[in-house]
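Letters A, B, ... mirror the listed sequences (proteins, then strands); counts begin at 1. Keep in mind that this is a model prediction, so the values were computed, not measured.
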Amino acid sequence: MVDLSVNIGPLRLKNPVMTASGTFGYGEEYANFIDLNRLGAIVVKGLSLKPKEGNPPPRIIETPSGMLNSIGLQNIGVERFVKEKLPFLRQFDTAVIVNFFGDSIDEYRETAIALSDVEGIHALEMNISCPNKEAGWSIFGTDPSTTYKVVDSVRKVTGLPLIVKLSPNVTDISLMARVAEEAGADAISLINTITGMVVDIRTRRPMLANITGGLSGPAIRPVAVRMVWEASRAVKIPVIGMGGIMDYEDAIEFILVGATAVAVGTANFINPAVTVDIISGITRYLEENNISSIKEIIGGIICGEP
Amino acid sequence: MVDLSVNIGPLRLKNPVMTASGTFGYGEEYANFIDLNRLGAIVVKGLSLKPKEGNPPPRIIETPSGMLNSIGLQNIGVERFVKEKLPFLRQFDTAVIVNFFGDSIDEYRETAIALSDVEGIHALEMNISCPNKEAGWSIFGTDPSTTYKVVDSVRKVTGLPLIVKLSPNVTDISLMARVAEEAGADAISLINTITGMVVDIRTRRPMLANITGGLSGPAIRPVAVRMVWEASRAVKIPVIGMGGIMDYEDAIEFILVGATAVAVGTANFINPAVTVDIISGITRYLEENNISSIKEIIGGIICGEP
Amino acid sequence: MSSYLKAKVVENRSLHPLYKLLTLSPQSPVEEPRPGQFYMIGVTPDPFLKRPFSYFRKSKDGDIQIFFRIKGKGTSILADLKKGSFVDLLGPLGRPYPSPVGDLVIIVAGGIGIASLYPFIGALEHKPIVFYGTRSSEELFFVDDIREHAQEVFITTDDGSAGERGLITDRLERFLKALDKPFTVYACGPAKMLDRVSKITVRRNGIAYVSVEERMACGIGACLGCVIKTRSGYQRVCREGPVFRADEVIW
Amino acid sequence: MSSYLKAKVVENRSLHPLYKLLTLSPQSPVEEPRPGQFYMIGVTPDPFLKRPFSYFRKSKDGDIQIFFRIKGKGTSILADLKKGSFVDLLGPLGRPYPSPVGDLVIIVAGGIGIASLYPFIGALEHKPIVFYGTRSSEELFFVDDIREHAQEVFITTDDGSAGERGLITDRLERFLKALDKPFTVYACGPAKMLDRVSKITVRRNGIAYVSVEERMACGIGACLGCVIKTRSGYQRVCREGPVFRADEVIW
Ligand SMILES: Cc1cc2nc3c(=O)[nH]c(=O)nc-3n(C[C@H](O)[C@H](O)[C@H](O)COP(=O)(O)OP(=O)(O)OC[C@H]3O[C@@H](n4cnc5c(N)ncnc54)[C@H](O)[C@@H]3O)c2cc1C
Ligand SMILES: Cc1cc2nc3c(=O)[nH]c(=O)nc-3n(C[C@H](O)[C@H](O)[C@H](O)COP(=O)(O)OP(=O)(O)OC[C@H]3O[C@@H](n4cnc5c(N)ncnc54)[C@H](O)[C@@H]3O)c2cc1C
Ligand SMILES: Cc1cc2nc3c(=O)[nH]c(=O)nc-3n(C[C@H](O)[C@H](O)[C@H](O)COP(=O)(O)O)c2cc1C
Ligand SMILES: Cc1cc2nc3c(=O)[nH]c(=O)nc-3n(C[C@H](O)[C@H](O)[C@H](O)COP(=O)(O)O)c2cc1C
Ligand code: FES
Ligand code: FES
């Protein structure tokens with residue numbers, strides 16, 4: 001038996017495969033298709049303190065080997081999540097990681113407080129790829145000092161393992177990774193979507209009502225792999241890699257460049273059972289290569305002359 | 001007859017379709033497949049003052065809807081270009097734009113000088129997505145003040161129309177566009193490739209000898225369209241859009257978001273005659289939509305409620 | 001319970017250059033679909049996302065049939081599928097058409113909208129009155145079948161090549177003006193048509209259910225990509241829909 | 001002059017679970033290929049890039065034949081092509097095998113390397129001596145044809161299921177040791193084999209030409225993606241190659 005378990009800071013996962021926030025609803029949507037007990041962790045759709053309506057439709061459009069989304073962080077808010085969704089998730093022997101966001105440092109902090117002493121929440125993932133109302137709606141996660149401030153303020157109010165989810169829309173991902181580490185993150189996760197847009201040349205209108213959206217899927221995988229490689233060399237804390245993972249080979253690729261765990265996002269839309277296929281595939285890969293623990297290959301890329 | 005001509009600063013092009021540097025060799029490679037006279041402009045492979053060997057192979061790898069390359073800017077140098085390649089290009093009634101780069105501000109300036117009074121070169125495109133030996137090999141085009149300095153120093157020594165080619169690996173493309181404009185660029189072009197990497201999970205080695213490479217092709221098109229849209233709203237000078245253009249519809253998309261001209265790169269590898277197909281397609285589109293000049297639809301995207 | 005499985009293409013018949021009847025044999029057990037529900041159908045890796053299609057009917061052999069119109073990339077790829085090839089099938093998904101309360105059921109189909117209403121017509125206890133509008137006579141399908149299960153069938157075409165020339169909603173409006181009984185409308189077709197049906201029905205104090213369309217990624221309520229605006233906020237077409245009460249939808 | 005055109009799949013025959021003989025009928029005029037040249041072959045949109053394949057031979061009807069081994073994604077997709085479908089064909093590309101100077105020509109093929117050497121063997125003025133090594137007897141192809149055009153054929157397999165057990169380069173070395181005439185070697189196969197052939201040949205003062213492989217994007221010399229290291233710097237396999245003088249290549 002190979003050992004698939006990994007540690008994300010203080011959090012132990014039975015295997016390194018988790019779901020990417022926003023692509024797996026609140027978990028229940030996939031219970032028809034897979035045994036949720038098999039997952040390393042379930043990361044739920046990003047929550048804010050109060051419910052959020054999100055952007056007008058159309059919200060999605062297919063692109064070459066990927067898709068754009070502009071959901072606009074629609075969610076039911078912390079209170080309803082805890083009341084209506086969490087009891088279902090507590091049934092499973094799978095870590096529940098709550099992704100959350102705010103439009104001000106205060107809101108981040110309050111949301112983290114509201115989520116911190118709830119039974120059945122095992123870690124927090126803070127999404128910093130969202131607009132800051134106190135800074136002209138610029139994105140928190142694209143400015144190092146804002147990133148430091150928001151992570152630091154959340155770190156101070158939560159005892160839960162804290163994962164900071166980085167935006168790829170930056171010049172220097174290593175810097176952002178280090179800033180998150182210094183501000184007290186237990187782990188970082190990346191990449192969030194890359195901003196893109198598509199225009200309908202017939203109507204001359206953007207395909208998304210919001211004009212721009214976030215690009216995900218295999219199209220962005222080479223960029224994600226590179227950023228995970230750069231980030232994991234810049235920090236000591238564990239890195240959760242994601243961006244276009246479609247199968248176990250892609251997952252191994254992220255692990256080789258330094259990811260301790262991986263998250264599967266858009267691929268769930270293509271195959272709702274893909275996460276368990278990936279877990280089986282990783283197991284097979286380790287067996288076939290006589291590797292007894294997944295930990296042995298984390299960061300196992302070989303560079304330099306053969 | 002529709003009017004396809006556009007102006008890139010002082011340079012008039014008979015149509016808005018040019019080739020992207022590094023994907024069209026020195027032009028002659030494609031003379032078998034298309035009439036080079038039909039192109040709006042030929043942008044040649046990036047030149048440096050002295051010949052450059054480039055990176056060891058493997059240099060390319062396919063990715064979902066795209067490819068990574070790490071050619072490492074191999075080129076024959078200004079002197080051999082002018083002697084061996086330019087005479088061939090002078091035969092055609094097509095603007096020749098020379099893409100160039102350096103590893104220091106001095107080298108940029110000297111290269112620009114060497115290229116400036118040569119018959120048959122109609123404009124310069126400076127590639128600032130390359131490492132600066134005076135700043136720890138960080139990329140010129142990812143730092144605004146270095147960008148300003150290098151563009152400014154080239155601007156002062158050349159009377160040719162100067163196009164600055166921006167790197168997409170930045171947090172704020174509008175800022176970089178404005179910096180290039182302020183430093184005296186006649187136009188900007190974007191996007192260059194997005195840095196990515198792929199690992200072979202069998203050998204655990206990067207697929208490229210250089211480890212990372214530049215992602216191009218339709219995978220990056222939504223990102224390119226968004227950046228061209230942002231950049232063209234930030235500056236008054238013309239914008240040349242590129243990144244994943246495969247057909248005339250993609251070209252129109254870039255023009256609608258603000259590009260005055262477009263460059264076709266990786267698509268030449270898929271179909272060596274794609275540039276003329278795109279020119280024909282644009283002509284048809286304009287005719288079918290009763291648009292008499294391509295200039296009418298530059299920036300013609302319609303945003304806001306229908 | 002919906003499932004995700006492979007299905008074999010048993011037949012992919014052209015009924016018109018732009019319309020195809022696709023017969024799929026699921027390779028594992030699937031739940032019985034109900035009229036108004038839909039499937040997500042795809043072939044990997046291209047198109048990247050699956051596309052939603054209504055349950056149309058069962059073939060004689062019990063296979064699932066989908067009736068679709070070629071619109072863009074995804075439907076073109078599906079149209080080219082050869083017998084014996086496989087697709088990925090996810091479903092049945094969404095909420096079916098609710099049972100009518102009264103006896104008088106009015107069906108309004110615009111174009112390919114007939115695909116989701118066809119099985120509903122056949123399953124009704126009381127024969128409905130059907131309004132079916134298309135571009136031209138060539139794009140009218142299964143009319144004989146429908147007649148069999150309908151009290152009456154009103155047809156309009158844009159070019160007058162079959163039935164009346166004009167919009168099906170105009171024909172519906174005329175009909176409702178002369179009607180003095182309670183009725184329930186079920187409609188599927190272009191958004192503009194649904195909006196119109198909704199307004200006409202409200203004016204005549206009827207109830208209308210509409211099956212709406214929106215681009216989809218997951219099909220199972222997870223991505224929040226397929227919402228439409230309703231009086232109770234954004235609702236997911238794949239989960240709360242695709243059938244909505246017309247007076248709930250904000251057009 | 002190379003051309004870019006559509007070609008129709010006339011036949012796609014399996015010679016082994018991993019080896020296929022693809023017959024393509026160009027839909028526009030194409031230049032006559034010469035042994036050692038290659039084509040870029042693709043189907044859009046997947047795989048994204050075309051793949052290089054040597055000109056193998058002409059069919060009886062004058063169509064172009066390609067002999068290939070399934071390696072990864074691209075070759076798997078080509079292997080599934082049905083008769084009547086179309087591919088994009090670019091070629092013929094690269095430099096052919098140069099004519100030998102002396103009379104004694106030695107051919108060394110490793111595995112699928114036979115694909116590019118096969119037409120060269122048939123075109124030689126003087127029958128060559130052929131060394132052909134593969135994994136096993138099942139992966140030996142066209143041996144009877146080759147015998148017809150060769151003075152002698154030496155075969156090795158990794159498992160000894162045909163010819164001698166062992167490496168073809170060892171067999172070659174033994175042969176050359178006993179040889180006291182000038183000779184020219186033409187080799188195609190895995191890089192390791194070519195390296196070895198090159199060293200052996202140099203030691204015996206022979207000339208060797210090797211056909212090398214590298215991943216390609218454009219196939220026409222424009223992208224500089226396919227270079228190998230040579231004594232005169234990086235050279236493009238698609239343009240200066242695929243055939244190089246063995247002593248030029250830095251392995
Ligand atoms: C619940 C539901 C049931 C459906 N049932 C059927 C059916 O039984 N038969 C049938 O022919 N069609 C049906 N459709 C519509 C069908 O899904 C679209 O025509 C198809 O997705 C278009 O894909 P494409 O790639 O060919 O077009 P694209 O190239 O993606 O787009 C072409 C055009 O179709 C529009 N479009 C794209 N996706 C959708 C979508 N999901 N819904 C509506 N329009 C879309 C685009 O905006 C564009 O105008 C249904 C849609 C939904 C939501
Ligand atoms: C000039 C030339 C002529 C060739 N002629 C033939 C031929 O006649 N018959 C034949 O079967 N094969 C031939 N090849 C090799 C063939 O091109 C590759 O096997 C093919 O490109 C692999 O594509 P894939 O997508 O199946 O494999 P991938 O999934 O891309 O890769 C699978 C493996 O093949 C290797 N590979 C990928 N591309 C190439 C390449 N261009 N050259 C060598 N290895 C590669 C990869 O590194 C990897 O190890 C030739 C190659 C060249 C350069
Ligand atoms: C429809 C959709 C919704 C998403 N919502 C969120 C979200 O609420 N919070 C968040 O941090 N990331 C969100 N993401 C980003 C994903 O979690 C993930 O970082 C990204 O999609 C890249 O992974 P992938 O290519 O595997 O999808 C969303 C992505 C998609 C496609
Ligand atoms: C093989 C290759 C070589 C390239 N070389 C250069 C170069 O020398 N100078 C440069 O400015 N851009 C270079 N580029 C970038 C392209 O000009 C273009 O900006 C990029 O590929 C995006 O366009 P595309 O997706 O249409 O290829 C190169 C791209 C490729 C694929
Ligand atoms: S398609 Fe994902 S929620 Fe409806
Ligand atoms: S494949 Fe482009 S130069 Fe050889």
Side-chain angles (χ1 to χ4, degrees), chain A residues 19-34 44-46 51-76 200 202 207-209 213 216-219 244 246-247 265-274 276-277, chain C residues 1-6 28 30-31 39-52 71-75 77 87-94 191 212-230 232-241 249-251:
Chain A
T19 61
S21 177
T23 65
F24 209 70
Y26 300 109
E28 57 191 23
E29 291 84 352
Y30 286 87
N32 262 355
F33 303 102
I34 59 168
V44 299
K45 174 67 186 165
K52 206 165 175 285
E53 199 187 22
N55 287 327
R59 289 179 170 185
I60 51 175
I61 181 76
E62 186 178 273
T63 66
S65 297
M67 61 177 281
L68 285 177
N69 87 78
S70 63
I71 308 302
L73 297 168
Q74 174 179 343
N75 77 92
I76 57 175
D200 184 337
R202 229 171 17 83
M207 283 283 193
L208 301 176
S216 64
M246 299 302 285
D247 54 32
T266 303
N268 291 297
F269 307 156
I270 313 304
N271 170 4
V274 70
V276 298
D277 292 352
Chain C
M1 269 265 304
S2 49
S3 345
Y4 175 67
L5 65 158
K6 294 271 166 206
S28 352
V30 274
E31 206 202 346
Y39 296 95
M40 296 290 286
I41 300 179
V43 281
T44 46
D46 199 48
F48 182 64
L49 297 173
K50 285 193 265 295
R51 302 287 192 265
K71 282 203 80 169
K73 176 179 171 173
T75 44
I77 292 171
V87 300
D88 296 317
L89 184 74
L90 178 64
L93 302 165
V212 303
E213 296 189 354
E214 199 36 79
R215 289 201 293 260
M216 293 187 176
C218 71
I220 59 171
C223 74
L224 309 181
C226 65
V227 301
I228 57 159
K229 199 160 191 133
T230 74
S232 27
Y234 289 126
Q235 300 271 316
R236 297 166 297 184
V237 171
C238 71
R239 198 73 172 210
E240 285 81 44
V249 179
I250 300 172
W251 302 96

Taking Ala217(C), Ser2(C), Ala222(C), Gly74(C) one by one, which has the highest count of heavy-atom pairs under 4.5 Å against chain A? Ala222(C)
Picking from Pro47(C), Pro45(C), Gly42(C), which has the most non-hydrogen pairs under 4.5 angstrom with chain A? Pro47(C)
Bottom line for Asn69(A): the part with an atom under 4.5 Å from chain C's heavy atoms is neither
So for Pro64(A), is it side chain, backbone, both, or neither that comes closer than 4.5 Å to the heavy atoms of chain C? neither
Report which part of Leu90(C) has an atom under 4.5 Å of a heavy atom belonging to chain A: side chain, backbone, both, or neither. side chain
Between Glu62(A) and Lys50(C) (salt bridge meaning N to carboxylate O under 4.0 Å), is one present in this structure? no
In Å and rounded to the nearest 0.5 Å, what is the [atom1] to [atom2] distance from [X] to [Y]?
| X | Y | atom1 | atom2 | result |
| --- | --- | --- | --- | --- |
| Thr44(C) | Asn271(A) | OG1 | CG | 9.0 Å |
| Tyr234(C) | Ile71(A) | OH | CD1 | 11.0 Å |
| Phe24(A) | Cys223(C) | CZ | SG | 13.5 Å |
| Glu214(C) | Arg59(A) | CD | CZ | 9.5 Å |
| Ser3(C) | Asn32(A) | OG | CG | 8.0 Å |

When Thr266(A), Asn55(A), Asn268(A) are compared by non-hydrogen pairs under 4.5 Å with chain C, the top option: Asn55(A)
Arg215(C) and Ile60(A): which non-hydrogen atoms are nearest, and at how many Å? NE-O, 2.9 Å
Decide yes or no on side-chain contact (heavy atoms from CB on, under 4.5 Å) for Ile220(C) and Phe269(A), but give the supporting numbers first. CA-CA 9 Å; Ile220(C) 59 171; Phe269(A) 307 156; over 6 Å; no
